[in-house]
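Take a look at the structure set out below.
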Amino acid sequence: MAGGLNLSGQQFGELTVVNSIAGGQHGQPSWRCHCACGNWLTVSTAELLAGQRQDCGDSVHGAAQRRRQLARRRM
């Protein structure tokens with residue numbers, strides 16, 4: 001586990017943390033994540049906890065986010 005922290009099973013936006021990855025990106029603790037759209041990616045602990053990564057970056061998420069923002073404005 002990354003620094004004794006267990007994020008497995010937690011949700012960060014569209015990402016679900018599956019398991020920790022030994023070594024990670026650039027030696028930083030990292031996690032294998034599954035996106036709601038079906039993509040898999042590796043994300044650092046810092047990015048997850050800071051809210052810097054909420055999805056895989058696929059364009060499908062941008063459209064969904066715009067729809068949510070428009071819906072909030074209409075309320």
Side-chain angles (χ1 to χ4, degrees):
M1 266 180 279
L5 185 65
N6 186 2
L7 300 178
S8 296
Q10 291 191 37
Q11 190 92 22
F12 293 88
E14 301 291 325
L15 300 176
T16 301
V17 179
V18 177
N19 62 310
S20 64
I21 296 179
Q25 297 174 337
H26 310 291
Q28 297 180 359
S30 295
W31 300 88
R32 182 82 168 141
C33 298
H34 187 247
C35 188
C37 71
N39 288 334
W40 289 89
L41 65 155
T42 301
V43 184
S44 73
T45 302
E47 287 179 301
L48 287 171
L49 296 179
Q52 294 173 335
R53 285 307 289 267
Q54 299 278 320
D55 58 48
C56 67
D58 197 333
S59 61
V60 68
H61 301 294
Q65 183 178 18
R66 285 189 295 277
R67 283 193 300 275
R68 284 192 297 269
Q69 288 173 343
L70 284 172
R72 279 188 233 137
R73 289 181 192 158
R74 292 177 185 156
M75 294 180 158

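When a residue number appears, it is its place in the shown sequence, counting from 1. Please read these numbers as outputs of a predicted model, since none were measured by experiment.
Hydrophobic clustering (ILVMFWY, side-chain heavy atoms < 4.5 Å, transitive): L48 and V18 are in distinct clusters.
Inspection of the W31 and T42 side chains reveals no N or O donor paired with an N or O acceptor under 3.5 Å.
Annotation: the span from N19 atom CG to S30 atom OG amounts to 11.0 Å, rounded to 0.5 Å. Rounding to the nearest 0.5 Å places CZ of R32 at 13.0 Å from OG of S8. Here E47 contributes atom CD and L41 contributes atom CG; the two are 9.0 Å apart, rounded to the nearest 0.5 Å. Note: I21 CD1 to T45 OG1 = 10.0 Å, rounded to the nearest 0.5 Å. Once rounded to the nearest 0.5 Å, the distance linking CG of N39 with SG of C56 reads 4.0 Å.
Under the side-chain contact (heavy atoms from CB on, under 4.5 Å) criterion, Q11 pairs with T16, sequence neighbours left out.
Inter-residue side-chain proximity for R53 and F12 is flagged as unmet; no heavy-atom pair is nearer than 4.5 Å. Side-chain contact check for V17 versus N6: every heavy-atom pair is 4.5 Å or farther apart.
No donor-acceptor pair under 3.5 Å is formed between the side chain of E14 and the backbone N or O of D55.
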